[in-house]
S.K.: 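Handing you a structure now.
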Number of protein chains: 4
Amino acid sequence: MVGLEATLPPMSKRDRKIDAIHAAAARRFAERGYRGTRMADIAADLDMQAGSLYYYFASKEELLVAIIESRIGRAVESLRAVLDGGGSFADQIEAAILGHLRAFQDDADIYSIFNFERLSDINPELAEQVDQPGRAYEALWGRLLDEGIASGELRPDVDTRVTVKAIVGLCNSVLLWYRADGKRTVDEIADEFSGIVLRGIARA
Amino acid sequence: MVGLEATLPPMSKRDRKIDAIHAAAARRFAERGYRGTRMADIAADLDMQAGSLYYYFASKEELLVAIIESRIGRAVESLRAVLDGGGSFADQIEAAILGHLRAFQDDADIYSIFNFERLSDINPELAEQVDQPGRAYEALWGRLLDEGIASGELRPDVDTRVTVKAIVGLCNSVLLWYRADGKRTVDEIADEFSGIVLRGIARA
Amino acid sequence: MVGLEATLPPMSKRDRKIDAIHAAAARRFAERGYRGTRMADIAADLDMQAGSLYYYFASKEELLVAIIESRIGRAVESLRAVLDGGGSFADQIEAAILGHLRAFQDDADIYSIFNFERLSDINPELAEQVDQPGRAYEALWGRLLDEGIASGELRPDVDTRVTVKAIVGLCNSVLLWYRADGKRTVDEIADEFSGIVLRGIARA
Amino acid sequence: MVGLEATLPPMSKRDRKIDAIHAAAARRFAERGYRGTRMADIAADLDMQAGSLYYYFASKEELLVAIIESRIGRAVESLRAVLDGGGSFADQIEAAILGHLRAFQDDADIYSIFNFERLSDINPELAEQVDQPGRAYEALWGRLLDEGIASGELRPDVDTRVTVKAIVGLCNSVLLWYRADGKRTVDEIADEFSGIVLRGIARA
DNA sequence: CATGAATGAGCTTTCATTCAT
DNA sequence: GATGAATGAAAGCTCATTCAT
């Protein structure tokens with residue numbers, strides 16, 4: 001069986017470079033913030049001069065926009081994939097939390113930017129571009145919880161709005177402390193979180 | 001009964017001004033970040049000139065340090081107060097969560113800075129100054145959970161390290177979406193959170 | 001009799017500084033062009049640092065705009081004053097040419113910018129702001145010539161459009177070579193020009 | 001009768017390319033100025049990359065120099081041709097003005113650069129290289145006027161220095177407003193100008 | 001010959017900070 | 001105490017220029 005990667009179009013040298021710049025910039029933006037990152041920092045990570053980045057991007061802001069636009073699709077898909085999985089209510093919750101945390105494994109940088117960068121200060125349209133999938137994601141969680149209430153698997157007195165914020169906030173908080181070389185794997189953390197959440201909201 | 005305020009020493013005009021600067025700066029730092037805030041912004045909020053702030057602080061960094069130092073004590077106390085409260089395990093958990101969120105009511109700015117500002121980029125010692133109480137706070141939570149396990153009120157298979165991170169991260173995530181004029185009060189949110197956490201970790 | 005200057009409001013220190021910056025910048029822009037002038041050049045003329053100029057202007061472009069806006073009124077008035085003068089046709093032509101050239105004595109810089117700087121490349125609205133009085137000025141000349149034809153003082157076969165361009169272009173060309181310390185005074189040049197123009201277009 | 005072109009040596013491919021670059025650069029320099037023109041702009045007009053221009057020129061400045069040097073000869077010749085024409089005084093004036101304006105038809109770009117670009121800022125020797133023929137040209141005009149005075153065809157009180165500046169400035173001002181697709185042809189403009197100038201300076 | 005990629009010097013602009021008044 | 005004014009050290013960005021391919 002051929003892997004998915006094989007179906008991807010071959011990348012030009014330029015595209016590979018752009019990808020590398022994305023990666024370096026995303027890492028810096030995630031670590032030091034957009035404002036705390038100098039073009040020279042990103043360039044240095046790639047053994048380039050700051051001015052050379054402008055061969056690929058018109059501005060620091062456009063670089064940020066490009067990063068987000070190039071990844072936001074994947075992020076939304078990865079979120080949506082959860083629901084398509086089907087299975088029991090508990091399975092879906094578990095899968096959703098696991099999917100959420102696993103997305104951080106490859107894309108911690110971009111999710112950190114999504115969640116903790118003040119995008120509306122930089123570019124309001126960009127903020128909206130990120131907020132919208134974020135709201136859609138929360139809506140998916142809301143529907144999942146509503147179904148749980150309807151099916152009786154979830155306590156009927158659960159405040160779904162607050163609970164969605166709780167679950168998503170809980171998962172995102174992992175970005176602030178998780179280290180790939182730490183004691184817990186993402187899967188272990190997801191497992192622990194799922195336990196808390198499921199018991200926490202399940203019908204007694 | 002005499003209020004606590006009455007016991008505070010009278011504030012000089014200078015001290016009141018310093019307090020006002022703290023408040024304005026904390027608000028700005030929380031809203032736009034340390035780097036995204038200009039001295040001129042803070043000054044403008046107080047109808048002053050940027051240069052005038054230097055009569056009270058030697059630098060922007062020192063202003064940040066002063067803000068944190070002046071409030072970190074209160075923050076730690078408010079955290080520690082929880083444990084001194086005594087009561088049942090469930091009561092303590094509830095009180096701790098409620099205390100955590102109520103602290104945000106008056107000091108959302110400072111807690112936002114504590115949690116989301118990259119202090120080590122600005123001043124490593126400052127970061128340590130904040131991290132230490134943060135770790136102490138997590139240690140208190142850890143002890144609370146350990147006691148719960150010991151007393152049998154908490155599932156013995158709970159991963160306390162991860163669970164502490166979960167509870168604290170859950171509570172802190174409120175800073176990212178809570179609005180004083182929103183639909184839920186802090187107490188309602190705390191109640192919902194307590195329910196999830198307690199059921200989520202309690203012995204079946 | 002009190003001079004007009006006496007009625008001008010006293011200038012604040014800041015306004016005087018702004019005026020000095022205008023003068024220095026106008027001189028540089030006229031001599032080296034907008035693009036060929038560095039903020040550091042202007043600042044150096046005033047014994048300042050380039051950054052200090054930004055205490056008074058938000059950008060180099062705004063500085064150019066401010067210069068033009070602060071002087072364009074005077075320029076238009078000085079042009080319009082010619083027609084109000086009345087007198088015979090020949091007197092008016094003479095007065096107009098003299099007025100045109102005398103305006104260069106005090107404001108050669110600004111008129112050089114008006115005439116030779118490519119303003120639409122820098123700021124299209126600014127270009128329009130300058131072009132409009134320019135067109136109005138040419139329209140005044142056109143009316144003057146039309147009246148001359150009507151009154152029979154001017155050859156009826158004169159192509160007024162081209163002649164207006166000729167007179168204005170002739171006068172403006174002085175900006176390219178006139179030096180205050182040169183052999184001819186502005187009044188002498190104006191006299192010579194008037195002679196050529198009047199004989200050149202007068203009815204035989 | 002054989003055309004003049006036929007006597008020119010055949011141009012190599014390289015020479016044709018150089019000519020094309022000259023033309024593109026001259027147009028850009030004339031339209032936006034030397035400083036306002038990027039090498040990339042010139043290259044784009046020729047469907048090339050900026051770097052490729054350096055196969056033909058060592059620098060932007062050298063490109064400007066090359067343009068001027070390759071055309072200055074023709075310009076001077078075209079000016080000098082006027083005097084060789086002979087004919088009456090009036091005929092010579094008319095022919096000179098017509099020749100001046102007709103030169104603009106094919107070489108408006110280069111004459112715009114000659115007249116309005118601040119060459120001494122870019123390359124003092126270059127400026128001298130252009131100024132010298134310019135002065136020679138004015139000297140030719142001066143001699144023509146002197147002859148006119150001597151022969152009695154010209155008013156003896158004419159200030160020839162100023163008058164030369166006037167005539168040349170008048171003609172050059174056409175560069176600032178003439179459009180090939182405008183209402184007047186170059187010949188019509190020249191005719192109008194000749195009329196003004198001749199009557200303007202002729203003995204009564 | 002031509003290009004894509006990179007450089008590095010130079011410019012505008014920002015902003016924390018200083019200081020005479 | 002406070003201000004207006006100025007500084008100077010970044011930082012983002014531009015662009016002529018270079019060079020391996």
Side-chain angles (χ1 to χ4, degrees), chain A residues 12-14 16-18 21 34-43 46-63, chain B residues 12-14 17-18 21 34-43 46-64 122, chain C residues 12-14 16-18 21 34-43 46-63, chain D residues 13-14 17-18 34-43 46-64 122:
Chain A
S12 70
K13 205 169 173 183
R14 180 181 176 88
R16 270 199 302 276
K17 187 85 188 193
I18 286 177
I21 296 174
Y34 178 79
R35 284 197 154 87
T37 300
R38 288 165 302 180
M39 292 303 270
D41 294 331
I42 299 167
L46 299 160
D47 286 314
M48 297 171 75
Q49 299 297 315
S52 306
L53 293 173
Y54 289 84
Y55 184 68
Y56 300 95
F57 301 99
S59 69
K60 185 180 177 183
E61 185 177 329
E62 193 192 288
L63 174 55
Chain B
S12 70
K13 203 170 172 184
R14 179 180 173 86
K17 189 89 188 190
I18 287 178
I21 296 173
Y34 178 78
R35 286 200 152 84
T37 299
R38 288 165 303 183
M39 293 300 270
D41 294 330
I42 298 166
L46 299 161
D47 289 314
M48 298 169 75
Q49 297 297 316
S52 308
L53 295 173
Y54 288 81
Y55 189 75
Y56 301 95
F57 303 96
S59 70
K60 185 182 179 184
E61 188 178 324
E62 192 192 290
L63 173 54
L64 176 64
I122 302 165
Chain C
S12 70
K13 204 169 173 182
R14 181 181 176 87
R16 270 199 303 275
K17 186 85 189 194
I18 286 177
I21 296 174
Y34 178 79
R35 286 197 153 87
T37 299
R38 289 165 300 181
M39 292 302 270
D41 295 330
I42 299 167
L46 299 160
D47 287 315
M48 297 170 76
Q49 298 298 315
S52 307
L53 294 173
Y54 290 81
Y55 184 68
Y56 300 95
F57 301 98
S59 68
K60 186 180 178 183
E61 186 179 327
E62 192 190 291
L63 174 55
Chain D
K13 203 170 172 184
R14 179 179 174 89
K17 189 90 188 191
I18 286 178
Y34 178 77
R35 286 200 152 85
T37 300
R38 289 165 300 183
M39 293 301 270
D41 294 331
I42 299 167
L46 300 161
D47 288 314
M48 298 170 74
Q49 297 297 315
S52 308
L53 295 172
Y54 288 81
Y55 189 76
Y56 302 94
F57 303 98
S59 69
K60 184 181 179 183
E61 189 179 323
E62 193 192 289
L63 173 54
L64 176 64
I122 302 166

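In what follows, chains are A, B, ... by sequence order, proteins preceding strands, each numbered from 1.
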S.K.: Would you mind classifying the nucleic acid contact of D/Asp41 as base, sugar-phosphate or nothing, using non-hydrogen atoms under 4.0 angstrom?
M.R.: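 Contact class for D/Asp41: none.
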S.K.: My understanding is that only residues two or more places apart in sequence, or in another chain, count here; which of them pass side-chain hydrogen bond (donor to acceptor under 3.5 Å, both in side chains) with B/Gln49?
M.R.: none
S.K.: I need the CD-C1' distance between D/Glu62 and F/dA16, as an integer number of Å.
M.R.: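 So the two atoms are 14 Å apart, to the nearest Å.
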S.K.: Do any side-chain atoms of residues 35-42 of chain C form donor-acceptor pairs under 3.5 angstrom with protein atoms, and if so which ones, sequence neighbours left out?
M.R.:
residue, atom, partner, partner atom, Å
C/Thr37, OG1, C/Arg28, O, 3.1
C/Thr37, OG1, C/Gly33, O, 2.7
C/Arg38, NE, C/Asp41, OD1, 3.4
C/Arg38, NE, C/Asp41, OD2, 3.4
C/Arg38, NH2, C/Asp41, OD1, 2.9
C/Asp41, OD2, C/Arg38, N, 2.9

S.K.: Pick base, sugar-phosphate or nothing for D/Lys17, based on heavy-atom distances below 4.0 Å to the nucleic acid.
M.R.: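 It contacts sugar-phosphate atoms only.
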S.K.: By nearest atom, which of the nucleotides E/dG8, F/dG1, F/dT3 is closest to the B/Tyr55 side chain?
M.R.: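 Nearest to the side chain of B/Tyr55 among the choices is F/dG1.
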S.K.: Just how far, in rounded Å, is P of F/dA11 from CG of A/Leu63?
M.R.: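 Distance, rounded to whole Å: 17 Å.
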S.K.: Out of F/dT3, F/dG1, E/dA6, which has the shortest distance to the side chain of A/Met48?
M.R.: E/dA6
S.K.: Nearest whole Å is fine: how far is F/dA11 P from A/Leu53 CG?
M.R.: 15 Å
S.K.: Figure out the CG/P separation between D/Leu46 and E/dA2, and round it to whole Å.
M.R.: 10 Å
S.K.: Only pairs at least two apart or in different chains count here, so list each side-chain hydrogen bond (donor to acceptor under 3.5 Å, both in side chains) that has a residue in residues 52-61 of chain C.
M.R.: C/Glu61-C/Asn123
S.K.: Would you say a side-chain N or O of A/Gln49 is under 4.0 Å from OP1 or OP2 of E/dG8?
M.R.: yes
S.K.: How does DNA chain F look in dot-bracket form if you count Watson-Crick and G-U pairs under 3.5 Å, write [ ] for pairs that cross, and put | where a base pairs with another strand?
M.R.: .||||||||||||||||||||
S.K.: In the 5'-to-3' direction, what one-character label does each nucleotide of nucleotides 15-21 of chain E receive under the scheme B = base within less than 4.0 Å of a protein heavy atom, S = sugar-phosphate only, - = no such atom?
M.R.: SSBB---
S.K.: Listed by chain and number, what are the side-chain contact (heavy atoms from CB on, under 4.5 Å) partners of C/Phe57, not counting sequence neighbours?
M.R.: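 With neighbours one apart ignored, the set is C/Ile18, C/Ile21, C/His22, C/Glu62, C/Leu63, C/Ala66.
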S.K.: D/Phe57 CZ to E/dC1 P: how many Å, rounded?
M.R.: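 My rounded result for the distance is 13 Å.
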S.K.: What does A/Tyr56 touch in the nucleic acid at a heavy-atom separation under 4.0 angstrom: a base, only the sugar-phosphate, or nothing?
M.R.: sugar-phosphate
